[in-house]
Amino acid sequence: MTNLQEDTDVSFPDGNAFIVAQNVFFRIHRSLVARHSPLLTEAFITSTERVGQCPVLRVTDTPYDMRQVLCVITAVYCRRQQKPADTAFSAPAARLRAGAKYKMEDLVDDPRARLRTLFPTSLAKWDENETEGRHGFENTDAIEALNLFREVGQLDMVPAAVYRCAQLDDAVLRAGTTRADGTPERLSTADIELVRQAKKRLRAHGAEMIEECREFEWSENCSYKWACDGCYDVVCELSILDEEGQELRDGDPLCRRYLDIVDEREDGREYRLREDFMDCMGACSNCIEPIREQFEEMRERVWADLPAIAGVEKEVGNQWGF
């Protein structure tokens, strides 16, 4: 192992096999690998390189990816793995990439499930993740995600990845990004064009939503109609999206900020006297709820179109929903 660096986090002094990833080697027990990957087991058997009696397997994976997989196999949670940057996207991405490559079926379920929280197949799960936070996920990670899902055949996650890529500037799409270990990640020419077209489709959706919002009306069942013009003024304000509609114009029609504004304008209190109502700055629930429902229907329409926008409508099929 001359001129190579040993990974001391996932290596065993009494290991009987070596895995070399770039300039890093891991000394492991073949029996641990054999439990999870027939491919690696076969590779060790056919390897002609030896250090003493120990077979040496040289892989094309990065040390980071191999480390993440070996951490799970050996149940050793290394110091680097505990860094916050590894807990959200990079670690499960590495495990899914290497786990799928070596057909470690029992190891890919967990990283796939973790990544699905960021790239779900339902709008409800998308909203849940956006509300609770991305836990360290960076917007540019969408580039690595799209490449990863294509590589491992996880096509049901492609639509959400394309949507996230569509939120990036064109310069970022062209330049690409880097993984946690510094490995460059760039989209293919075809995917760059796909994302550009997705941007146009999403902006068109946003423009349609802005126009539809102009048709909002106050409810015939307005609870405040007895006082002045009831909720008319508030509904008129909500129907004209100026600054409030910026995300829609920019191609982010799934953004919930407008819904937050609608929620803030809901009053819902019961007023007995006209004098008390004069201090009301919101609208009644009977007027707000139809607005909320109509806007949610617009978002559902966008969500339903994502597989087609991403070019995987047939492959995703009925896995896509709300």
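As the structure is a prediction and not an experimental result, all values here were calculated from the model.
Going from atom CZ of Arg196 over to atom SG of Cys165 covers 13.0 Å, rounded to the nearest 0.5 Å. A distance of 3.0 Å separates OG1 of Thr60 from NZ of Lys101, quoted to the nearest 0.5 Å. If you take CD1 on Ile288 and CD on Glu264, they are separated by 11.0 Å, rounding to the nearest 0.5 Å. If you take CG on Leu254 and NE2 on His205, they are separated by 9.0 Å, rounding to the nearest 0.5 Å. Taken to the nearest 0.5 Å, the CD atom of Glu217 stands 8.5 Å off from the CD atom of Glu215.
Salt-bridge check for Glu144 with Arg186: failed, with every basic side-chain N at 4.0 Å or more from each acidic carboxylate O. Checked for salt-bridge contact, Asp263 and Arg292 meet the test: a charged N lies under 4.0 Å from a carboxylate O. By the 4.0 Å N-to-carboxylate-O rule, Arg27 lies too far from Glu6 to be salt-bridged with it. Using a 4.0 Å cut-off between a side-chain N of Lys or Arg and a carboxylate O of Asp or Glu, Asp127 and Arg299 qualify as a salt bridge. Under 4.0 Å is where a charged nitrogen must lie from a carboxylate oxygen, and between Asp65 and Arg179 at least one such pair does. Ion pairing between a basic and an acidic side chain is recognised when a charged N comes within 4.0 Å of a carboxylate O; Asp250 and Arg203 show no such pairing. In summary, Arg112 and Asp109 engage in a salt bridge, as defined by a charged side-chain N under 4.0 Å from a carboxylate O. For Arg150 and Asp191, the salt-bridge test passes: some basic side-chain N is under 4.0 Å from an acidic carboxylate O.
Under the 3.5 Å distance criterion, with hydrogens and angles disregarded, a donor-acceptor pair is assigned to the side chains of Asp181 and Thr62. Between the side chains of Gln5 and Asp7, no donor-acceptor pair of N or O atoms lies under 3.5 Å. Side-chain N/O atoms of Ser90 and Tyr64 include a donor and acceptor closer than 3.5 Å.
Each of Thr177, Thr178, Thr140, Asn147 was evaluated against Glu185; a single residue qualifies, Asn147, per the side-chain hydrogen bond (donor to acceptor under 3.5 Å, both in side chains) test. Under the salt bridge (Lys or Arg N to Asp or Glu O under 4.0 Å) test applied with Arg256, the options Glu296, Glu128, Glu247 reduce to a single match, Glu296.
Relative orientation of the Phe149 and Phe119 rings is perpendicular, given thresholds of 30° and 60° on the angle between their planes. A parallel orientation is assigned to the rings of Phe216 and Tyr258, their planes being inclined by less than 30° (bins at 30° and 60°).
Other residues, nucleotides and ligands contribute at most 12 non-hydrogen atoms within 6.0 Å of the CG atom of Asn318. Atom CD of Glu293 is surrounded by more than 12 heavy atoms from other residues, nucleotides or ligands within 6.0 Å.
Linking Ile, Leu, Val, Met, Phe, Trp and Tyr residues whenever their side-chain heavy atoms come within less than 4.5 Å leaves Ile240 and Ile291 in two separate clusters.
In this structure, Phe18 has its ring center at least 6.0 angstrom away from the ring center of Phe44.
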